[in-house]
Amino acid sequence: MYQMKKKIILCLLLLLQIVIVNTLSLFPEFVEQYYSNGIYPYMVKVSRILFGLFGFSIGDIIYGIVIILIIRWVWKKRKTWRREYKSNLLTIGSFFSVFYFLFYALWAVNYHRVPLNEKMGFEKKYTPEELISFTKELIKKTNKLHLQIINNDSLKIVNPYTVSKIYNKAPNGYKNLSQQYSYFTFNNESLKSSLISTPLSYMGFGGYLNPFTNEAQVNSNLPKYNLPTTSCHEMSHQLGYASESEANFIGYMASINNDDIYFQYSGYSFALKYCLRNIKNFDEEKMEELLLLVNKGIVLNYEESNRFRDEHRSFIETFFKYFYDNYLKLNHQKDGLKTYSKFVGLLVNYYKTEDL
């Protein structure tokens, strides 16, 4: 009887939590001050110091154990649903109540903080003409970096670093960036290759942040030229920037502010790819025209990424992309997966006042 009451209370608390979280979304300044810049940094400092001691992903292991326990519970209860369906449903509700509390308390309240563009003082909207003009400048910058590295416009860039060395170099960009913007200060790294990098490849993901351990998990199977920016992207989530467009922007900024030229190339080529993709959405002919201005070696890097994606394309990706698209929409990112490309608006507007 006590267990039943406990489950009922937890289920009722789930409803209360949903109301509280949705209410918080109406007060981004409150979230920014008291959560994102209040208790959150202290919580994650402890997490990153603790789990950062391990060279492998503790979060992936925890997920594995939880999945095994769920499968075990489902198997044990498979013949009890007719007579114990109320108890079983309450058990599921109780689980989601605890999961929901930990997920939001430890990280996800950050979905409701003040938008980054407001914090930095610029808009997100842009005209096609502004994007095209910006992309032309970005092509010049990326071409220049490409030639600095390899001195041959027809060869692709091959990052010479090991994956662990890329992880070790990634904080340097945040260190430099924080000298201009203090809210990008990064301490206590916990950046790791995911133990499920191969499944992530088939899901179509470059990495993820474990909200329970605050470990930045990177898909280490990705083409290495792009790995620096992907690593910096996941690190931005550790800072509490939940929006994927903001994480893309911060990952880009941390990459180009890194002292290492391979990080800079990764950041600029990453941004250029998104800009070209967005231009294609409204003027494919113009995109093709601009692509002719891009060094052949850079295009070869893009083709390398496309091959990797095509080699790992499967129904699993379709399922997880559908799930994640709706997950983002539920967390007030109304554009779902399209949110990733929205960072182009942050780029274009940021550079209206800054030099590229």
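Below, all heavy atoms of this structure are taken into account, side chains as well, without hydrogens, waters or symmetry copies.
Asn168 contributes a side-chain N or O that, together with a main-chain N or O of Ser164, makes up a donor-acceptor pair within less than 3.5 Å. Looking at Ser178, its side chain never comes within 3.5 Å of a backbone N or O of Phe184 through a donor-acceptor pair. Lys224 places no side-chain N or O within donor-acceptor distance of the main-chain N or O of Val163, the cut-off being under 3.5 Å. Side-chain atoms of Asn172 do not come within 3.5 Å of backbone N or O of Lys169 as any donor-acceptor pair. In this structure a side-chain-to-backbone donor-acceptor pair under 3.5 Å is present from Lys192 to Phe56. Although no hydrogens or angles enter the test, the distance criterion places a donor-acceptor pair under 3.5 Å between the side chain of Glu130 and the main chain of Thr127. Between the side chain of Asn219 and the backbone N or O of Phe205, at least one donor-acceptor pair lies under 3.5 Å. The closest donor-acceptor contact from the side chain of Asn301 to the backbone of Lys156 lies at 3.5 Å or more, if one exists at all. For the pair Asn248 (side chain) and His233 (backbone), a donor-acceptor distance under 3.5 Å is absent. No donor-acceptor pair under 3.5 Å is formed between the side chain of Ser266 and the backbone N or O of Phe263.
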Worksheet item: Given the rule in the side chain to side chain contact (heavy atoms under 4.5 Å, CB included) test, do Ile92 and Trp73 qualify, once you have shown the distances and angles that lead to the verdict?
Response: CA-CA 10 Å; Ile92 293 171; Trp73 182 84; 3.9 Å; yes
Item to complete: Step by step, work out the side chain to side chain contact (heavy atoms under 4.5 Å, CB included) result for Thr135 and Leu276.
Response: CA-CA 7 Å; Thr135 303; Leu276 291 169; 4.0 Å; yes
Worksheet item: Is there a side chain to side chain contact (heavy atoms under 4.5 Å, CB included) between Ile70 and Phe95 once you walk through the steps?
Response: CA-CA 10 Å; Ile70 289 173; Phe95 170 81; 4.0 Å; yes
Worksheet entry | Residue pair Lys124, Leu346: steps toward the side chain to side chain contact (heavy atoms under 4.5 Å, CB included) verdict | CA-CA 5 Å; Lys124 288 194 293 185; Leu346 300 177; 3.6 Å; yes
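Checked by atom type, the side-chain pair Tyr225/Ser305 shows a donor-acceptor distance below 3.5 Å. Residues Thr80 and Asn88 bring a donor and an acceptor atom of their side chains to less than 3.5 Å of each other. Side-chain atoms of Ser194 and Asp60 form a donor-acceptor pair, as typed in the model, at a separation below 3.5 Å. A side-chain donor-acceptor contact under 3.5 Å links Gln17 and Ser97.
In terms of the ring pair (Phe, Tyr, Trp, His ring centres under 6.0 Å) criterion, Tyr208 has no residue partners (sequence neighbours excluded).
The shortest distance between side-chain heavy atoms of Phe101 and Leu13 does not fall below 4.5 Å. In this structure, His237 and Glu244 have side chains that are in contact, with non-hydrogen atoms separated by less than 4.5 Å. Taking the side chain as every heavy atom from C-beta outward, Leu272 and Tyr268 never approach each other to under 4.5 Å. In this structure, the side chains of Val299 and Glu303 come closer than 4.5 Å at one or more pairs of heavy atoms. Residues Leu10 and Lys7 fail the side-chain proximity criterion, which asks for heavy atoms closer than 4.5 Å. Proximity of Asn143 to Asp153: side-chain heavy atoms (C-beta onward) are nowhere separated by under 4.5 Å. You'll find the side chain of Val344 reaches within 4.5 Å of the side chain of Cys275, heavy atoms only. Using a 4.5 Å heavy-atom cutoff, the side chains of Phe270 and Thr230 are not in contact.
Ile68 and Ile61 are assigned to two separate hydrophobic clusters, defined by single-linkage of ILVMFWY side chains at heavy-atom distances under 4.5 Å. Val114 and Met120 fall into different hydrophobic clusters, where Ile, Leu, Val, Met, Phe, Trp and Tyr are joined by side-chain heavy atoms under 4.5 Å apart, directly or via other members. Val46 is not connected to Ile58 by any chain of hydrophobic side-chain contacts under 4.5 Å among Ile, Leu, Val, Met, Phe, Trp and Tyr, and they are in different clusters. There is a path of hydrophobic side-chain contacts, each under 4.5 Å, that joins Tyr174 to Tyr181. Val294 and Leu300 end up in different hydrophobic clusters when Ile, Leu, Val, Met, Phe, Trp and Tyr side chains are linked at under 4.5 Å.
Note that the CG atom of Asn257 and the CD1 atom of Ile250 stand 12.5 Å from one another [nearest 0.5 Å]. Between the OG1 atom in Thr142 and the CD atom in Gln264 there is a gap of 11.0 Å [rounded to 0.5 Å]. The line from CG of Leu131 to CG of Leu138 is 9.5 Å long, rounded to the nearest 0.5 Å. If you take OG1 on Thr198 and CE on Met203, they are separated by 10.5 Å, rounding to the nearest 0.5 Å. Glu234 contributes atom CD, which lies 8.5 Å from atom CG of Leu191 (distance to the nearest 0.5 angstrom). Interatomic distance, CG of Leu227 versus CD1 of Ile166, reported as 4.5 Å (0.5 Å rounding).
Using a cutoff of 4.0 Å between basic side-chain nitrogens and carboxylate oxygens, Glu304 and Arg307 are not scored as salt-bridged. In summary, Arg313 and Asp310 engage in a salt bridge, as defined by a charged side-chain N under 4.0 Å from a carboxylate O.
Relative orientation of the His112 and Tyr104 rings is parallel, given thresholds of 30° and 60° on the angle between their planes. Between Tyr350 and Phe122, the ring planes are perpendicular. Angles over 60° get that label, and only those under 30° would be called parallel. The aromatic rings of Tyr111 and Phe103 lie tilted to each other, with the angle between the two planes from 30° to 60°.
The local environment of CZ in Phe212 is crowded, with over 12 non-hydrogen atoms from other residues, nucleotides or ligands closer than 6.0 Å. With a 6.0 Å radius and a threshold of 12 heavy atoms from other residues, nucleotides or ligands, Phe96 has its CZ atom at or below the threshold. The environment of OH in Tyr85 is sparse: at most 12 heavy-atom neighbours from other residues, nucleotides or ligands sit within 6.0 Å. For CD of Glu123, the number of neighbouring non-hydrogen atoms (other residues, nucleotides, ligands) closer than 6.0 Å is 12 at most. Counting non-hydrogen atoms of other residues, nucleotides and ligands closer than 6.0 Å to NZ of Lys280 gives a total of 12 or fewer. For Lys352, the NZ atom sits in a packed shell: over 12 heavy atoms of surrounding residues, nucleotides or ligands are nearer than 6.0 Å. The environment of NZ in Lys273 is crowded: more than 12 heavy-atom neighbours from other residues, nucleotides or ligands sit within 6.0 Å.
Minimum interatomic distance between Asn258 and Ala170 (heavy atoms only, all atoms of both residues): ND2-O, 3.9 Å. A pairwise comparison of heavy atoms in Ser193 and Ser220 identifies OG-CB, 3.3 Å as the closest pair. A pairwise comparison of heavy atoms in Gly93 and Leu14 identifies O-CD2, 4.1 Å as the closest pair. Here the shortest heavy-atom pairing between Ser25 and Pro28 reads O-CD, 4.0 Å. For the residue pair Ala254 and Leu177, the shortest heavy atom distance occurs at N-CD2, 4.0 Å.
With Trp75 as the aromatic partner, Arg78 meets the cation-pi criteria of under 6.0 angstrom to the ring centre and within 45 degrees of the ring axis.
Considering Tyr241, Tyr34, Tyr35 in turn, Tyr35 is the only one that fulfils the ring pair (Phe, Tyr, Trp, His ring centres under 6.0 Å) rule with Tyr40.
The salt bridge (charged side-chain N to carboxylate O under 4.0 Å, His left out) contacts involving residues 27-50 comprise Glu32-Arg113, Glu32-Lys119, where partners must be two or more places apart or lie in separate chains.
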